[in-house]
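Here is the structure we will look at.
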Amino acid sequence: MNVEEIKSVLKEQREDAENLMSRAIPRDVPKEELLTNLSIPNVLAILGVRRSGKSTLSLLLLKDKNLAYVDFDDERLRNLKSEDLHMVEQAIYELYGNVDYILFDEIQNIQGWEPFVSRLRKTKRIILTGSNSKLLSGELATSLTGRHVDFTLFPFSFKEFLRFKGVNYSEPLTTRERAEIKNYLREHMSIGGFPEALLLNSRQIVNSIYNDILFKDVVQRLKIKRISKFKDFSSAVISLYSSEVSLNRIARMLRIDYKTVDEWFYGLTTSYLIYSVERYTGKLSRIAENKKVYVVDMGIIQEVSIKKDMGRLMENLVAIHLLRKNQNKGVYFVKGEEYEVNFLDEKNGELIQVTYDEEGIKERELSALTKASSLLGFKPKIVTWDMEEIMDYNGKKIELEPLWKFLLR
Ligand SMILES: Nc1ncnc2c1ncn2[C@@H]1O[C@H](COP(=O)(O)OP(=O)(O)OP(=O)(O)O)[C@@H](O)[C@H]1O
């Protein structure tokens with residue numbers, strides 16, 4: 001490729017970007033904070049699962065800025081080598097002039113890209129997007145260490161889903177609105193939050209995003225050969241949503257060696273398809289043990305897992321909400337000898353149990369929650385489907401909050 005050819009690709013990408021922007025729904029992100037972090041020579045990395053809207057968000061953030069945009073996920077730029085990147089720079093200047101901001105989508109596709117960015121960031125403000133959490137962990141990226149800020153973007157939250165649907169209720173809700181919002185929540189739990197799946201109202205899209213994640217973000221990156229086994233493995237892990245996973249057990253079940261299973265699990269995690277939550281050990285040293293696994297999008301669970309249990313689906317949605325809100329930090333599950341609680345949200349100081357109350361709130365759950373709360377000193381809460389009250393249990397107050405309300409807070 002020469003500079004002229006690259007320029008023509010960038011020109012088309014600019015038109016696509018303008019199109020994206022014109023129909024973009026605003027996202028709930030700390031905009032000011034992100035822009036403050038985008039200071040020379042800092043690089044802002046927007047990371048997250050494929051198709052979650054990272055490019056659109058970056059474009060929205062830099063809407064009024066003097067910005068150049070290059071998408072390296074474009075097939076036409078796939079064969080560029082690191083030594084060709086000076087031509088991309090040339091094309092940017094010829095097309096956009098002397099810009100202040102540059103957005104590079106999936107630049108990790110180009111091996112050895114880091115020195116290029118490292119040089120540009122001295123005079124330009126740079127955003128990188130990537131669907132692999134190891135974007136900035138390569139050897140060369142150490143030159144950027146301490147000079148980048150990461151932000152993880154998830155598919156649409158329930159709040160963003162409602163915004164997409166044009167729903168805007170203000171509290172207190174009427175009985176009719178309360179019923180409607182629960183219907184929207186059911187819909188969100190069925191289709192998930194990938195913007196394109198909502199635009200086309202199609203779970204088929206979710207399936208194709210899922211396959212792209214598996215093949216483009218995991219199989220190709222880890223150079224996996226046993227593709228059909230890997231697909232079985234991924235289905236098995238996703239079907240364990242909201243449960244503790246034992247990689248040893250999966251290895252035995254699928255007759256794959258532990259080392260491979262461990263590597264594949266790493267692949268699913270670094271592509272942001274799944275998140276694992278560790279057990280809270282307070283200030284004690286961490287002991288290696290089982291983790292609980294959650295899936296980034298409800299639509300994917302619906303497509304891949306045969307078992308659909310309302311309590312577990314609700315728990316998965318709460319997990320993703322907490323991980324999104326806390327940017328993957330300070331979220332644990334709690335397990336003692338006589339009690340188990342779904343989540344500790346350390347930042348908010350809350351112990352959270354999730355229950356589909358049509359099954360009834362069990363004595364066991366109440367006692368576990370109050371025991372853990374007394375021992376650890378965090379506020380107890382139960383996220384329900386519908387019940388809303390302050391419950392008194394053996395002299396301890398427990399807040400019951402419906403899931404929709406919890407998600408919109
Ligand atoms: N805020 C939004 N409002 C409306 N639609 C959106 C929004 N964000 C994303 N989309 C839709 O989802 C699609 C994917 O978005 P985008 O390209 O920004 O995601 P991405 O995470 O950068 O994807 P990739 O991982 O493939 O680079 C877009 O084509 C657009 O149709």
Side-chain angles (χ1 to χ4, degrees), residues 23-34 46-61 129 131 150-171 173 177-178 180-201 203 205-206 209-210 213 241-242 272-275 277 294-302 312-331 342-343 345 347-348 350 352 354 381 383-385 401-409:
R23 50 192 165 84
I25 309 279
R27 304 292 308 255
D28 292 324
V29 297
K31 186 175 171 199
E32 293 311 318
E33 195 184 316
L34 293 178
I46 305 222
L47 305 171
V49 71
R50 176 177 286 271
R51 312 310 283 164
S52 55
K54 300 177 294 292
S55 321
T56 312
L57 169 68
S58 312
L59 291 165
L60 280 173
L61 282 175
T129 75
S131 44
D150 299 353
F151 180 79
T152 312
L153 183 72
F154 290 73
F156 280 169
S157 65
F158 183 48
K159 200 170 187 178
E160 291 165 334
F161 173 89
L162 290 178
R163 186 175 300 142
F164 174 87
K165 293 271 174 189
V167 176
N168 191 9
Y169 296 140
S170 53
E171 292 221 44
L173 302 194
E177 287 169 339
R178 227 181 137 101
E180 278 172 5
I181 214 158
K182 278 184 284 175
N183 281 340
Y184 280 118
L185 182 54
R186 278 209 176 82
E187 191 184 336
H188 177 54
M189 288 174 82
S190 158
I191 197 162
F194 283 109
E196 286 162 304
L198 304 185
L199 281 169
L200 299 168
N201 194 22
R203 278 241 301 269
I205 299 285
V206 179
I209 294 176
Y210 172 63
I213 299 170
Y241 67 97
S242 306
Y272 296 100
L273 178 62
I274 56 160
Y275 282 82
V277 166
Y294 296 99
V295 181
V296 70
D297 185 73
M298 301 304 290
I300 291 184
I301 299 182
Q302 303 281 4
R312 277 172 62 202
L313 290 170
M314 286 172 63
E315 184 183 329
N316 194 92
L317 195 54
V318 168
I320 296 304
H321 173 76
L322 294 173
L323 292 165
R324 177 192 285 116
K325 183 169 72 80
N326 297 338
Q327 283 288 299
N328 314 330
K329 288 188 270 293
V331 182
N342 296 143
F343 300 106
D345 175 354
K347 196 167 157 208
N348 218 16
E350 271 182 345
I352 302 165
V354 185
K381 161 172 282 190
V383 173
T384 66
W385 181 252
E401 187 174 43
L403 179 58
W404 63 265
K405 206 166 196 179
F406 176 80
L407 297 175
L408 297 182
R409 242 192 321 142

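As the structure is a prediction and not an experimental result, all values here were calculated from the model.
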Taking the side chain as C-beta and beyond, is there a heavy-atom pair between Glu160 and Ile25 under 4.5 Å? no
By salt bridge (charged side-chain N to carboxylate O under 4.0 Å, His left out), which residues pair with Glu177, not counting sequence neighbours? none
For Arg50, side-chain hydrogen bond (donor to acceptor under 3.5 Å, both in side chains) partners two or more places apart: Asp217
If you measure from CG on Leu322 to CG on Asn348, what distance do you get to the nearest 0.5 Å? 8.5 Å
Keeping the roles fixed (side chain from Asp297, backbone from Gly193), state whether a donor-acceptor pair exists under 3.5 Å. yes
Might you point out which heavy atoms bring Val49 and Lys54 nearest each other, and give the distance in Å? O-NZ, 3.0 Å
Can you confirm whether Tyr169 sits close enough to Leu162 that some side-chain heavy atom of one is under 4.5 Å from a side-chain heavy atom of the other? no
Atom pairs and distances, side-chain donor-acceptor, residues 401-409, under 3.5 Å, sequence neighbours left out:
from: Glu401; atom 1: OE1; to: Lys381; atom 2: NZ; distance (Å): 2.8
from: Lys405; atom 1: NZ; to: Glu388; atom 2: OE2; distance (Å): 2.5

Interatomic distance, Lys182 atom NZ to Leu173 atom CG [nearest 0.5 angstrom]: 10.5 Å
Report the residues that fulfil side-chain hydrogen bond (donor to acceptor under 3.5 Å, both in side chains) with Ser55, sequence neighbours left out, ordered by chain and then residue number. Asp105
Give the intermediate values and the outcome of side-chain contact (heavy atoms from CB on, under 4.5 Å) for residues Ile205 and Phe194. CA-CA 9 Å; Ile205 299 285; Phe194 283 109; 5.9 Å; no
Only counting residues at least two apart or in another chain, list the ones meeting side-chain contact (heavy atoms from CB on, under 4.5 Å) with Arg203. Ser190, Ile191, Gln302, Glu303
Those residues at least two apart in sequence (or on a different chain) that pass side-chain hydrogen bond (donor to acceptor under 3.5 Å, both in side chains) with Lys165 are Glu187
My understanding is that only residues two or more places apart in sequence, or in another chain, count here; which of them pass side-chain contact (heavy atoms from CB on, under 4.5 Å) with Ala319? Tyr294, Phe343
Closest heavy-atom pair, Pro155 versus Ser52, reported as atoms and distance to 0.1 Å, is N-CB, 3.8 Å
Given the rule in the side-chain contact (heavy atoms from CB on, under 4.5 Å) test, do Ile301 and Arg312 qualify, once you have shown the distances and angles that lead to the verdict? CA-CA 11 Å; Ile301 299 182; Arg312 277 172 62 202; over 6 Å; no
Are any non-hydrogen side-chain atoms of Phe158 and His321 less than 4.5 angstrom apart? no
Tell me if a side-chain donor or acceptor on Arg163 pairs with a main-chain N or O of Pro26 at a distance below 3.5 Å. yes
Between Asn342 and Val354, is there a donor-acceptor pair closer than 3.5 Å when you use the side chain of the first and the backbone of the second? yes
Side-chain contact test, heavy atoms from C-beta onward, threshold under 4.5 Å: evaluate it for His188 versus Leu317 and give yes or no. yes
Return the minimal non-hydrogen interatomic distance between Phe161 and Gly192, and the atom names on each side. CD1-O, 4.1 Å
Glu33: partners by salt bridge (charged side-chain N to carboxylate O under 4.0 Å, His left out), with sequence neighbours left out: none
For Arg324, which residues count as a side-chain hydrogen bond (donor to acceptor under 3.5 Å, both in side chains) partner, sequence neighbours excluded? none
Minimal non-hydrogen separation, Ser157 against Asp28, with atom names: OG-OD2, 4.4 Å
Do other residues, nucleotides or ligands put more than 12 heavy atoms under 6.0 Å from the CG atom of Asn183? yes
According to side-chain contact (heavy atoms from CB on, under 4.5 Å), who are the partners of Thr152, at least two apart in sequence or on a separate chain? Phe154, Tyr272, Tyr275, Gln327, Asn328
Taking the side chain as every heavy atom from C-beta outward, state whether Glu180 and Val167 have any pair of such atoms under 4.5 Å apart. no
Search all heavy atoms of Val206 against all heavy atoms of Gly299 and return the closest pair with its distance. CG1-C, 3.5 Å
Please identify each residue that fulfils salt bridge (charged side-chain N to carboxylate O under 4.0 Å, His left out) with Asp150, with sequence neighbours left out. none
Stepwise side-chain contact (heavy atoms from CB on, under 4.5 Å) test for Tyr241 and Met298: CA-CA 10 Å; Tyr241 67 97; Met298 301 304 290; over 6 Å; no
Mind checking whether Leu273 and Tyr210 have side chains closer than 4.5 Å, heavy atoms only? yes
Are the side chain of Asn316 and the backbone of Val295 linked by a donor-acceptor contact shorter than 3.5 Å? yes
Give the intermediate values and the outcome of side-chain contact (heavy atoms from CB on, under 4.5 Å) for residues Ile46 and Leu61. CA-CA 11 Å; Ile46 305 222; Leu61 282 175; 4.0 Å; yes
How many angstroms lie between CZ in Arg51 and CD1 in Ile209, if you round to the nearest 0.5 Å? 7.0 Å
Between Val29 and Leu60, is any pair of side-chain heavy atoms under 4.5 Å apart? no
Check whether any side-chain heavy atom of Leu199 lies under 4.5 Å from a side-chain heavy atom of Arg23, and answer yes or no. yes
